[in-house]
Protein chains: 2
Amino acid sequence: MSGKKQNIPRYRQVYEILRKHITSGVYREGDMLPSENDLCQTNGITRPTVRLALDQLVKDGFIKKQQGKGSIVCAQPKGIGILSVAGTTTAIGKENLKTKILEGPVIRKWDDPFVFPLSEVEKESGCIYMERVRLVNNKPLFYDITFLPNINLPRFTSRTFENRSLFDILRKSYQVKVTGGEQRLKAIPAKGKICQHLDVKEGEPVLHLERKINTNRIDYSFYSTLFCNTTEHDLFGIF
Amino acid sequence: MSGKKQNIPRYRQVYEILRKHITSGVYREGDMLPSENDLCQTNGITRPTVRLALDQLVKDGFIKKQQGKGSIVCAQPKGIGILSVAGTTTAIGKENLKTKILEGPVIRKWDDPFVFPLSEVEKESGCIYMERVRLVNNKPLFYDITFLPNINLPRFTSRTFENRSLFDILRKSYQVKVTGGEQRLKAIPAKGKICQHLDVKEGEPVLHLERKINTNRIDYSFYSTLFCNTTEHDLFGIF
DNA sequence: CATTTCAGCTTGTATTTACAAGTAAAATTA
DNA sequence: TAATTTTACTTGTAAATACAAGCTGAAATG
C-alpha cells in the first residue's frame, strides 16, 4: 500500500483535481470547464457533489459560473493574495519568496491587553511568539508577528521555519488546517522596528493588518500582526 | 395586494429572515440558531434548502457551524465591513452615515489607461462618473470615485444619490445585484483632493482601494476607487 | 460512586429525482 | 433569405431520503 487511507470527501477531491488543472494550465483563462453532468460521469459522482466542488472554486476565484452556459475559468490574480484564505507562500509562489526569522519561536505570555479577545484557556496556556520578515526578490515586503496559543503543539519551538510555510507545517505536522478568519486593516506611518525591517523611511505609509485565523480545531485560532510595504506590490483579494 | 409578486428563491428568503433576526438582536452572540431540522419545519422547506441559507450566513460571518452541536451566532464586527460583499451603508448601519455628492453622476469617457482592463463594449459606451464622500459622525471617512459602464441604466444621471445607497438603487431600480468582486489595496500618502475631502494633512497615510465589483448581469461590472482615513476606524473583513 | 456504554440529538456528505430558467444553435416558417 | 420557433443543452432551485460523524447526557455497568 502506498499511503494511509484518508477519508477526504469526494467533493474535496474533485475540487483539488480541478484546481490543479486550472493552476497548471490544463484549462486556461476564458476556457469552459466540462459541464456539471460531464464532471458527474468523469468522477462517478452526482450533481450536488460536483456543485459543492465548483462552489469552492467560485469562492476561491478560480471560475465564474453562468446559468445556461457553464463554468468559465478566470484569470489568476497577479497581486499578493493575502486577503483570501491561503498562506503567503501559496499566494505569491515559492520562487521569489524568502522567509527570514527575526525572533523565536519562543513560549511567552500574551500581550496584555491583546488586540483580539482571548479565552481563559488561551490566556493560561501562554503563546508561541515569532517574528518573521518575508522578502520578495530580496526586498522586504512583510513584517509578520505571529502568536499561537501554546496548546497541543509538541516540539513546535524546536522546528525550523526558515523559508518554510507556517501553514504547511501546521497542516502536515499537526493536522491543523486554516479554515478562515477575520482581519482589520489600516494605513499607518512607519516607525521604529517597522522602518528597520521593511527598509522604509520614518513616516512612510505602510499597511497594518491584524488577523485572527481560525482552524479546523474548534476553539483553536491563532493571531498575526502584519506590516506590509505596498510601494511596489498591492495586496489582492476577492470578495 | 401589497407588492409585486417577486420570484426570490426560498433559501434567499430564509437567509434574509435569519440575518434580520441576528442583526436585530433576536439571536445574540453565542446563541444557538434553531437546528437545521427545526428551520425546515418552521419555514416549510427541506434541509438542502436550509443549508443554502446557512452557508450564506457563514460566508457573511454571521454564524459559525460545528458538527454535532449546531450553528452559533458570531459577534458582529465593529469595524467597517467594506471588504466583504455589501455596500458601505449596510456595513456601518444607516444611523451615523451620510453621503455627500461631490460630482456627478455625469456621463463621460473612461480614464485611459484605466486601472482594470475594459471590454470593447464598455469602452464604447462611456462611463457614468460620480464622486462622493461618506461621513461617519459628520467626519469624512471615505472618498469614493465610482465608474459605471453606461449600459442599460435609463435615467440614472437624473436620480438622487444624496444619502442613498448606490447598491440599493441598483438593486431596486435596475435589478442589478452585487455578487462579488476583486480589490487591490495599498497604503499611500494623502495629497491634493484626498487631503481636502478626507480632512487629513498632506503626507498622512490613507488606505487606497481599487475595486472591481461584479453583478448578476453577466459582463456587467462597475469600478470604484476608494480612499479611506483609517485613523479612527479600521476596515474589517472576513475570509 | 465512578466509569463506560449507548441512545438521541446535531451537522456533514451523498444519492436520486424533478422542474425552472437561461443560452445557443438548429429547424421551421413567412 | 430573414425572422421566428423549437430543441437541446447549460446551470439554478428544490424535494425526499439515507447514512456517517461528532456531541451530549442519561442509563447501564463495574
Side-chain angles (χ1 to χ4, degrees), chain A residues 5-18 27 30-59 62-74 175 177 179-180 214-220, chain B residues 5-18 27 30-59 62-74 152 175-177 179-180 214-220:
Chain A
K5 191 201 114 202
Q6 293 191 34
N7 203 358
I8 299 170
R10 306 282 286 123
Y11 76 88
R12 191 76 206 168
Q13 296 174 25
V14 175
Y15 163 83
E16 293 291 352
I17 292 170
L18 291 173
Y27 305 114
D31 283 0
M32 285 302 210
L33 242 47
S35 81
E36 295 182 354
N37 283 319
D38 286 351
L39 291 172
C40 291
Q41 288 214 316
T42 312
N43 297 281
I45 54 180
T46 55
R47 259 190 82 207
T49 311
V50 164
R51 286 175 66 81
L52 282 180
L54 294 182
D55 284 350
Q56 197 61 46
L57 290 171
V58 169
K59 196 182 157 199
F62 287 106
I63 62 170
K64 58 180 176 183
K65 303 180 77 176
Q66 185 177 344
Q67 187 174 9
K69 287 189 75 174
S71 303
I72 303 142
V73 176
C74 294
Q175 285 74 50
K177 270 190 310 182
T179 53
N214 299 324
T215 72
N216 57 334
R217 277 199 204 170
I218 293 298
D219 295 328
Y220 191 83
Chain B
K5 191 202 112 202
Q6 293 190 35
N7 202 357
I8 299 171
R10 306 282 286 120
Y11 75 89
R12 191 75 205 169
Q13 296 174 26
V14 175
Y15 163 83
E16 294 290 350
I17 292 169
L18 291 172
Y27 305 115
D31 283 359
M32 285 302 209
L33 241 47
S35 80
E36 295 182 354
N37 283 320
D38 286 350
L39 291 172
C40 291
Q41 287 213 318
T42 312
N43 297 281
I45 53 180
T46 54
R47 259 191 81 206
T49 311
V50 164
R51 286 176 66 80
L52 282 180
L54 294 181
D55 283 349
Q56 197 60 46
L57 289 171
V58 169
K59 195 182 158 198
F62 287 105
I63 61 169
K64 59 180 175 182
K65 302 180 80 178
Q66 187 177 341
Q67 187 174 7
K69 287 190 75 174
S71 302
I72 302 142
V73 176
C74 294
N152 214 347
Q175 285 74 52
V176 172
K177 270 190 311 181
T179 53
N214 300 324
T215 72
N216 57 333
R217 277 200 204 168
I218 292 301
D219 294 328
Y220 190 82

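Atom set for the values below is all heavy atoms of this structure, side chains included, hydrogens, waters and symmetry mates excluded. As the structure is a prediction and not an experimental result, all values here were calculated from the model.
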- State the OG1-CG distance between Thr49(B) and Leu39(B), to the nearest 0.5 angstrom. 11.5 Å

- Query: To the nearest angstrom, how far is Lys64(B) atom NZ from dG12(C) atom P?
  - Reply: 14 Å

- Atom CD1 of Ile8(B) to atom C1' of dT13(D): distance rounded to whole Å? 14 Å

- Query: Expressed in angstrom and rounded to an integer, what is the separation of Ile45(B) atom CD1 from dA16(D) atom P?
  - Reply: 11 Å

- Message: For Glu36(A), is there any backbone N or O sitting under 3.5 Å from a side-chain donor or acceptor partner on Arg51(A)?
- Response: no

- Item | Proximity to the side chain of Asn37(A) - top-ranked nucleotide from dT10(C), dT10(D), dA14(D) | dT10(D)

- Message: What is the separation between atom CD on Gln41(A) and atom P on dT16(C), rounded to the nearest whole Å?
- Response: 13 Å

- Would you say Ser71(A)'s side chain and Leu33(A)'s backbone share a donor-acceptor pair under 3.5 angstrom? no

- Item | Separation of dA14(D) C1' from Arg10(B) CZ (nearest whole Å) | 10 Å

- Note on the structure: Atom NZ of Lys65(B) and atom P of dT10(C) are separated, to the nearest Å, by 13 Å

- Task: Check for a donor-acceptor pair, side chain of Gln13(A) on one end and backbone N or O of Ile8(A) on the other, with a separation under 3.5 Å.
- Result: yes

- Note on the structure: Heavy-atom closest pair (Ala53(A) atom, Tyr11(A) atom, distance to 0.1 Å) is CB-O, 3.4 Å

- Item | Reported CE-to-CD distance for the pair Met32(A) and Gln66(A), which is rounded to 0.5 angstrom | 7.0 Å

- dT13(C) C1' sits how many Å from Tyr15(A) OH, rounded? 18 Å

- Message: Are more than 12 heavy atoms, taken from residues, nucleotides or ligands other than Lys65(B), located less than 6.0 Å from that residue's NZ atom?
- Response: yes

- Query: Is the number of heavy atoms from other residues, nucleotides or ligands within 6.0 Å of CD (Gln41(B)) greater than 12?
  - Reply: no

Listed pairs, N/O of protein and of nucleotides 22-26 of chain D, under 3.5 Å:
unit_1  : atom_1 : unit_2   : atom_2 : d
dG22(D) : N2     : Gly68(B) : O      : 3.1

- So, with a heavy-atom separation below 4.0 Å from DNA chain D, the residues of residues 46-53 of chain A are Arg47(A), Arg51(A)

- Taking CG from Leu54(B) and C1' from dT10(C), how many angstroms apart are they, rounded to a whole number? 13 Å

- Task: Measure from the side chain of Glu36(A), starting at C-beta and using heavy atoms only, and say which of dT11(C), dT11(D), dA15(D) lies closest.
- Result: dT11(D)

- If we fit an axis to the first five pairs and another to the last five of the helix from dC1(C)-dG30(D) to dA30(C)-dT1(D), what angle do they make, to the nearest 10°? 10°

- Report yes if a side-chain nitrogen or oxygen of Tyr11(B) is closer than 4.0 Å to either non-bridging phosphate oxygen (OP1 or OP2) of dT13(D); otherwise report no. yes

- Item | Exercise: identify the closest heavy-atom pair between Arg47(A) and Cys40(A) | N-SG, 3.4 Å

